[in-house]
> 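Mind having a look at this structure? Questions to follow.
The first residue in the sequence is number 1, and the count goes up from there. Please read all numbers here as calculations on a predicted model, not as lab measurements.
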Amino acid sequence: FELVGSAENPGACALTFAPVENGVLLLPDAVSVTLDAATGEVCAYNAANYILNHAQRELPDPAVDMESAAALINPELTIDSVQLVLTRSDGGDEALCWEFNCSDGDGEGVDVFVDAQMGREVNIELAQA
């Protein structure tokens, strides 16, 4: 599992983890854990996505290499890191994507997902802490 997100709330810290299989981060299978800030004890968790989605998958090799996918990123963004992820579309289909963690001119985080099979941008999200 790899840490994919975190959020601090008064008195608590929420962490989100996703499993990694053959170097691919499986975002549909994410697990959330909330810790008490004072004691570090687990006070809540949510494994529903993992229980509902985690299964043996045949992950294809990317047809589009990272460099070709990076060429599709808006030149006004700075690429900070990149990883191969499995994500889910709004329609519910899973897609193998290159996830580019970027920053804009103001230093704000932007995540850009490029389909690793089709070579097209499929999603842009404001980055979470």
Side-chain angles (χ1 to χ4, degrees):
F1 279 81
E2 183 176 309
L3 180 66
V4 295
S6 63
E8 289 189 39
N9 300 309
C13 178
L15 305 171
T16 303
F17 298 90
V20 179
E21 185 176 305
N22 297 326
V24 177
L25 194 60
L26 305 177
L27 297 177
D29 303 359
V31 174
S32 299
V33 179
T34 302
L35 305 174
D36 181 289
T39 65
E41 292 182 20
V42 174
C43 53
Y45 68 94
N46 183 343
N49 287 334
Y50 185 85
I51 293 167
L52 293 172
N53 298 318
H54 192 69
Q56 189 73 8
R57 293 179 172 98
E58 289 293 325
L59 297 172
D61 289 330
V64 176
D65 64 29
M66 183 181 60
E67 292 78 15
S68 298
L72 300 172
I73 303 300
N74 184 322
E76 294 183 22
L77 296 174
T78 300
I79 298 172
D80 300 318
S81 64
V82 62
Q83 61 188 346
L84 201 54
V85 302
L86 186 70
T87 189
R88 194 174 298 279
S89 71
D90 291 337
D93 296 326
E94 291 184 341
L96 184 66
C97 291
W98 290 106
E99 178 185 19
F100 293 91
N101 304 115
C102 303
S103 50
D104 64 14
D106 296 327
E108 296 295 321
V110 179
D111 295 333
V112 180
F113 295 83
V114 175
D115 188 303
Q117 300 305 89
M118 307 287 279
R120 63 178 183 207
E121 188 176 281
V122 294
N123 196 13
I124 300 174
E125 299 175 355
L126 295 179
Q128 298 178 6

> Please assess Leu72 against Arg120 for the test side chain to side chain contact (heavy atoms under 4.5 Å, CB included), listing each intermediate value before the final yes or no.
CA-CA 8 Å; Leu72 300 172; Arg120 63 178 183 207; 5.5 Å; no
> Could you measure the distance from the CD atom of Glu21 to the CG atom of Leu84? Nearest 0.5 Å is fine.
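Going from the CD atom of Glu21 to the CG atom of Leu84 covers 12.0 Å.
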> Could you tell me the separation between the SG atom of Cys97 and the CD atom of Glu121, rounded to the nearest 0.5 Å?
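These two atoms lie 10.5 Å from each other.
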> Is there a path of hydrophobic side-chain contacts, each under 4.5 Å between heavy atoms of I, L, V, M, F, W or Y residues, that connects Tyr50 with Val42?
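Linked within one cluster.
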> Could you report the tightest heavy-atom contact between Asp115 and Ala95, atom names first, then the distance?
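Looking at all heavy atoms of both residues, the shortest contact is OD2-CB, 4.2 Å.
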> Are Phe113 and Leu86 joined in one hydrophobic group, where the rule is that I, L, V, M, F, W and Y side chains link up if heavy atoms are under 4.5 Å apart?
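No, no single cluster joins them.
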> If every non-hydrogen atom of Ala70 is compared with every non-hydrogen atom of Ile79, which pair is closest and at what distance?
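Where Ala70 meets Ile79 most closely, the heavy atoms are CB-CD1, 4.0 Å.
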> Can you find a heavy atom in the side chain of Val20 that is under 4.5 Å from one in the side chain of Leu26?
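Side chain of Val20 against side chain of Leu26, heavy atoms only: no contact under 4.5 Å found.
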> Can you hop from Tyr45 to Leu27 via hydrophobic side chains spaced under 4.5 Å?
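No: no chain of side-chain contacts under 4.5 Å links Tyr45 to Leu27.
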> If only atom types and distance count, is the side chain of Asp65 paired as donor or acceptor with the main-chain N or O of Ser68 below 3.5 Å?
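It does hold such a pair.
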> How about CD on Glu67, more than 12 heavy atoms from neighbouring residues, nucleotides or ligands closer than 6.0 Å, or not?
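Correct, the count exceeds 12.
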> Test of understanding: clusters of I, L, V, M, F, W, Y form through side-chain heavy atoms closer than 4.5 Å, transitively. Do Leu15 and Phe1 belong to the same one?
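Hydrophobic grouping puts Leu15 with Phe1.
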> Shortest non-hydrogen contact from Cys43 to Asp36?
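Of all heavy-atom pairs spanning Cys43 and Asp36, the closest is SG-N, 3.8 Å.
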> Does the Gln117 side chain pair with the main chain of Ala63, one donor and one acceptor, at a distance under 3.5 Å?
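Between the backbone of Ala63 and the side chain of Gln117 there is a qualifying donor-acceptor contact (under 3.5 Å).
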> With rounding to the nearest 0.5 Å, note down the distance linking CG in Asn53 to CZ in Arg88.
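One finds 4.5 Å between CG of Asn53 and CZ of Arg88.
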> Quick check: closest heavy atoms across Cys102 and Ile73, and the distance to 0.1 Å?
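So the minimum-distance heavy-atom pair works out to SG-CG2, 4.1 Å.
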> Take Gln83 and Val4, measure what side chain to side chain contact (heavy atoms under 4.5 Å, CB included) needs, and give me the verdict at the end.
CA-CA 11 Å; Gln83 61 188 346; Val4 295; 5.6 Å; no
> In terms of hydrophobic clusters joined by side-chain contacts under 4.5 Å, are Val110 and Val122 together?
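Unlinked, Val110 and Val122 end up in two clusters.
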> Looking at CD of Glu108 and CG of Leu77, how far apart are the two atoms once the value is rounded to the nearest 0.5 Å?
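Glu108 CD to Leu77 CG: 12.0 Å, rounded to 0.5 Å.
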> If every non-hydrogen atom of Ser103 is compared with every non-hydrogen atom of Asp80, which pair is closest and at what distance?
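Scanning both residues, the minimum pair turns out to be OG-OD2, 3.2 Å.
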> Without swapping roles, check the side chain of Asn74 against the backbone of Glu76 for a donor-acceptor pair under 3.5 Å.
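Such a contact is found between Asn74 side chain and Glu76 backbone.
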> Below 4.5 Å, heavy atoms only, C-beta onward: do Arg57 and Asp29 meet side chain to side chain?
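The answer is yes; the side chains approach within 4.5 Å.
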> Closest approach of Thr16 and Ser32, non-hydrogen atoms and distance?
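The pair with the smallest heavy-atom distance is OG1-OG, 3.5 Å.
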> To the closest 0.5 Å, what do you measure between OG1 (Thr34) and CG (Asn9)?
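One finds 7.5 Å between OG1 of Thr34 and CG of Asn9.
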> Kindly indicate whether the side chain of Glu99, heavy atoms from C-beta on, has any atom under 4.5 Å from the side chain of Asp111.
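Side-chain contact under 4.5 Å: yes.
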> Do Trp98 side-chain atoms and Val64 backbone N/O form a donor-acceptor pair below 3.5 Å?
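Present.
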> CG/Asn46 to CD1/Ile51 distance, rounded to the nearest 0.5 angstrom?
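It comes to 8.5 Å.
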